[in-house]
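Numbering of ligands and ligand atoms starts at 1, following listing order.
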Amino acid sequence: MKSLRFDIITIFPNLFASYLEETIIARAIRKKLLRVNLVDLRRFAKAHDAHRSVDGRPYGGGPGMILLLEPIFKALRSLKLVSASGIRTGKRTRVVMLTPDGKQFNQREAERLAKYDRLVLLCGRYEGFDARTLKLVDEKLSIGPYVLAGGELPAMVVLEAVARHIPGVVGHPDALKEETFSKGMDYVEYPQYTRPEKFVPAGLRLRGSDLRSKRGAAWRVPKILLSGDHKKIAEWRKRHWASR
Ligand code: ADE
């Protein structure tokens with residue numbers, strides 16, 4: 001059985017608590033398909049520092065604070081990812097820094113990362129990392145072209161998108177197969193409907209085909225989907241299989 005271990009290095013481990021207790025992630029943890037180890041970076045601050053500070057001012061000046069290199073180094077060493085001979089992640093482990101200047105994360109990247117046995121996610125805060133931190137990581141990832149206050153939300157995004165590729169995490173195995181990502185396109189899927197067949201949006205002025213219907217103003221499910229004709233339904237879906 002494939003299982004994947006995440007180590008998440010963060011100064012806000014509590015941010016993850018409710019997320020890990022709900023959703024498909026909790027189920028995957030219960031089923032032992034997934035293991036998530038939260039590593040509080042402050043544990044690795046200097047012992048004599050009452051504030052347990054993990055950040056410092058940038059040399060040369062500039063706004064904001066930078067995450068210190070040493071606590072990150074120590075956190076990785078506690079995870080046995082640094083030895084006397086240097087960084088030692090091995091083929092089955094990947095150390096990933098979450099940063100807005102990283103490589104764009106996407107579905108293909110999620111599939112790629114799901115092949116590892118262990119992923120270490122390093123969450124930033126403040127104005128970023130000491131540049132030497134790069135010597136400790138295998139790659140940098142960004143979840144999108146915007147700057148967040150830290151890497152915690154990106155870590156949750158990566159965790160969920162990757163976890164869905166571990167067999168057994170997504171309830172219905174076909175659910176993964178049906179979601180198709182083709183070159184140059186984002187998520188593509190056909191439109192889907194569930195109950196009711198006809199919804200009358202009370203008090204709303206309707207437009208176009210919703211209004212022209214002989215049977216009164218309503219939002220209806222396309223008739224073909226109610227026909228039971230699987231061949232026609234498949235054709236209809238193919239025709240409506242467009243990128244959103
Ligand atoms: N940290 C701050 N913004 C981020 C982003 N867009 N992706 C990954 N990590 C980040």
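Ionic pairing of R164 and E160 is not present here: no N-O contact between side-chain nitrogen and carboxylate oxygen is shorter than 4.0 angstrom. Using a 4.0 Å cut-off between a side-chain N of Lys or Arg and a carboxylate O of Asp or Glu, E197 and R220 do not qualify as a salt bridge. Using a 4.0 Å cut-off between charged nitrogen and carboxylate oxygen, K140 and D101 count as a salt-bridge pair. Between K238 and E235, no side-chain nitrogen of the basic residue sits less than 4.0 Å from a carboxylate oxygen of the acidic one, so the salt-bridge criterion is not met. The existence of a salt bridge linking D55 and R125 is excluded, since no basic side-chain nitrogen approaches an acidic carboxylate oxygen closer than 4.0 Å. For the pair D229 and K232, the salt-bridge criterion is met [side-chain N within less than 4.0 Å of a carboxylate O]. The existence of a salt bridge linking E70 and R77 is excluded, since no basic side-chain nitrogen approaches an acidic carboxylate oxygen closer than 4.0 Å.
When only non-hydrogen protein atoms are considered, atom 9 (N) of ligand 1 lies nearest to T99 N, 3.2 Å. For atom 6 (N) of ligand 1, the closest heavy atom belonging to the protein is Y146 O, 2.8 Å. Protein heavy atom closest to atom 10 (C) of ligand 1, with residue, atom name and distance, is P100 CD, 3.5 Å. From the protein, the heavy atom lying nearest to atom 7 (N) of ligand 1 is I143 N, 3.0 Å.
Heavy-atom contacts of L141 reach the following atoms of ligand 1: 8 (C) (cutoff under 4.0 Å). Each of the atoms 1 (N), 2 (C) of ligand 1 lies under 4.0 Å from some heavy atom of G150. If you number the atoms of ligand 1 from 1 as listed, the ones under 4.0 Å from a heavy atom of L148 come out as 2 (C), 3 (N).
Proximity of P154 to ligand 1, defined as any heavy-atom pair under 4.0 Å, is confined to the side chain (atoms from C-beta onward).
Considering backbone and side-chain N/O atoms, V147 never comes within less than 3.5 Å of an N/O atom of ligand 1.
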